[in-house]
Amino acid sequence: MNKVDVIDNPKLVKVAAMIRRYGPTMKYFVVDFQAELLQTLTDATVSTLYYVPNRMGKYDKAIYNRTMNFCTFLRQPATDRILKMIYENMNRAGNLPKRCPIMVGKYSFNTSLDGLHLPSFLPESNFRFDLKFHRGPRYELILVGHWYGELKRVS
């Protein structure tokens, strides 16, 4: 990961996210993420979208697009393989929600995603990974994160 853009709903959550470099040559990246949930969430939907750029460099069509109930995911993480891999990695270095309802409070993680094992069907390329959280029947925005980076295969 080398860039992140976050849009939050300040009535529901306050989010700060940044990516910074580290290491002797500053070639590695670490993600710092903090969210302060201001209202308890009993019904949330999560969408995971993975894009690679087209020939014009735009992220138009997702090659992976999945939407599901977030509480279902927390109860049964195997229901979304990619989200499970990423969520487990982030949660090892943080305190993300583990069950519903998601209570008012502060949630965070601080991690490098270097070495994260993703499925082989995702191409080696630049990418944008979107995480979108909504709540209720009106699909009210909670949080949208656009995470940019480069996927490289390592032997």
Side-chain angles (χ1 to χ4, degrees), residues 1-19 29-37 39-102 107-154:
M1 298 279 178
N2 55 33
K3 179 182 171 190
V4 61
D5 295 320
V6 176
I7 302 163
D8 59 18
N9 180 340
K11 294 186 317 188
L12 300 175
V13 64
K14 293 178 186 174
V15 175
M18 99 179 189
I19 297 178
F29 297 89
V30 66
V31 178
D32 293 317
F33 178 90
Q34 296 99 27
E36 182 179 0
L37 189 61
Q39 295 181 25
T40 297
L41 297 175
T42 58
D43 180 27
T45 302
V46 60
S47 297
T48 54
L49 298 98
Y50 189 90
Y51 300 83
V52 294
N54 63 21
R55 291 183 186 165
M56 306 289 276
K58 305 242 187 249
Y59 296 97
D60 289 338
K61 295 183 180 170
I63 63 171
Y64 182 85
N65 184 347
R66 179 92 193 265
T67 299
M68 65 184 306
N69 182 287
F70 188 58
C71 293
T72 299
F73 169 76
L74 291 175
R75 282 191 308 274
Q76 302 168 345
T79 54
D80 189 305
R81 182 173 150 199
I82 292 178
L83 184 58
K84 179 183 181 209
M85 291 174 180
I86 293 168
Y87 201 79
E88 286 177 349
N89 179 282
M90 293 183 307
N91 219 9
R92 276 193 289 275
N95 70 325
L96 298 177
K98 294 176 180 54
R99 67 178 75 67
C100 285
I102 303 169
Y107 300 94
S108 65
F109 63 87
N110 174 281
T111 188
S112 168
L113 299 176
D114 297 336
L116 179 64
H117 299 286
L118 293 173
S120 59
F121 70 82
L122 296 175
E124 189 170 349
S125 167
N126 288 330
F127 68 86
R128 185 179 92 199
F129 181 72
D130 291 355
L131 276 174
K132 301 178 180 184
F133 292 89
H134 295 84
R135 77 168 182 179
R138 295 183 187 221
Y139 214 58
E140 180 182 16
L141 171 72
I142 299 170
L143 162 69
V144 175
H146 304 289
W147 304 83
Y148 297 85
E150 184 178 0
L151 181 60
K152 294 180 186 176
R153 303 278 177 226
V154 186

Sequence-distant partners of Lys14, side chain to side chain donor-acceptor pair (under 3.5 Å), two or more places apart: none
Looking at Met56 and Asn54, what are the two nearest heavy atoms and their distance? N-OD1, 2.8 Å
When you measure from the side chain of Thr45 to the backbone of Asn69, do you find a donor-acceptor pair of N or O atoms at a distance under 3.5 Å? no
Return the minimal non-hydrogen interatomic distance between Asp5 and Lys3, and the atom names on each side. OD2-CE, 3.6 Å
What distance separates His134 NE2 from Leu41 CG, expressed to the nearest 0.5 Å? 12.5 Å
So, taking the atom named CG in Asn65 and the one named NZ in Lys132, what distance separates them when rounded to the nearest 0.5 Å? 8.0 Å
Tell me the closest heavy-atom pair linking Lys98 and Asn91, and the distance in Å. NZ-ND2, 3.8 Å
Could you grab the distance from atom CH2 of Trp147 to atom CG of Asp130, nearest 0.5 Å is fine? 11.0 Å
Are Leu83 and Val46 packed together at the side-chain level, in the sense that at least one heavy-atom pair is separated by less than 4.5 angstrom? yes
Can you tell if the side chain of Thr48 reaches within under 4.5 Å of the side chain of Leu131, non-hydrogen atoms only? yes
Considering all heavy atoms, the nearest Asp8-Pro10 contact: O-CD, 3.4 Å
Evaluate the side-chain proximity of Phe70 to Ile102: yes if any heavy-atom separation is below 4.5 Å, no if none is. yes
Do Tyr50 and Leu151 make a side-chain contact, defined as non-hydrogen atoms from C-beta onward lying under 4.5 Å apart? yes
Please evaluate residues Tyr64 and Asp80 with respect to the criterion side chain to side chain donor-acceptor pair (under 3.5 Å), reporting the C-alpha separation (whole Å), side-chain torsions for both, the decisive distance (0.1 Å), and the verdict. CA-CA 11 Å; Tyr64 182 85; Asp80 189 305; 3.1 Å; yes
Phe73 vs Tyr87 aromatic rings, parallel, tilted or perpendicular, using cut-offs 30° and 60°? perpendicular
Give, for atom NE2 of His146 and atom CG of Leu49, the distance between the pair rounded to the nearest 0.5 Å. 9.5 Å
What heavy-atom pair brings Asn126 and Pro53 nearest, and what distance separates the two atoms? O-CD, 3.3 Å
Closest approach of Lys61 and Tyr51, non-hydrogen atoms and distance? C-CD2, 3.5 Å
Separation of Ile86 CD1 from Thr111 OG1 (nearest 0.5 Å): 11.5 Å
How many angstroms lie between atom CZ of Arg66 and atom CD1 of Ile82, to the nearest 0.5 angstrom? 10.0 Å
Using atom types as modelled and distance alone, determine if a side-chain donor or acceptor of Asn95 lies under 3.5 Å from a backbone N or O of Ser108. yes
Under a 3.5 Å distance rule, please check whether Asn9 uses its side chain to pair with a backbone N or O of Leu141 as donor and acceptor. yes
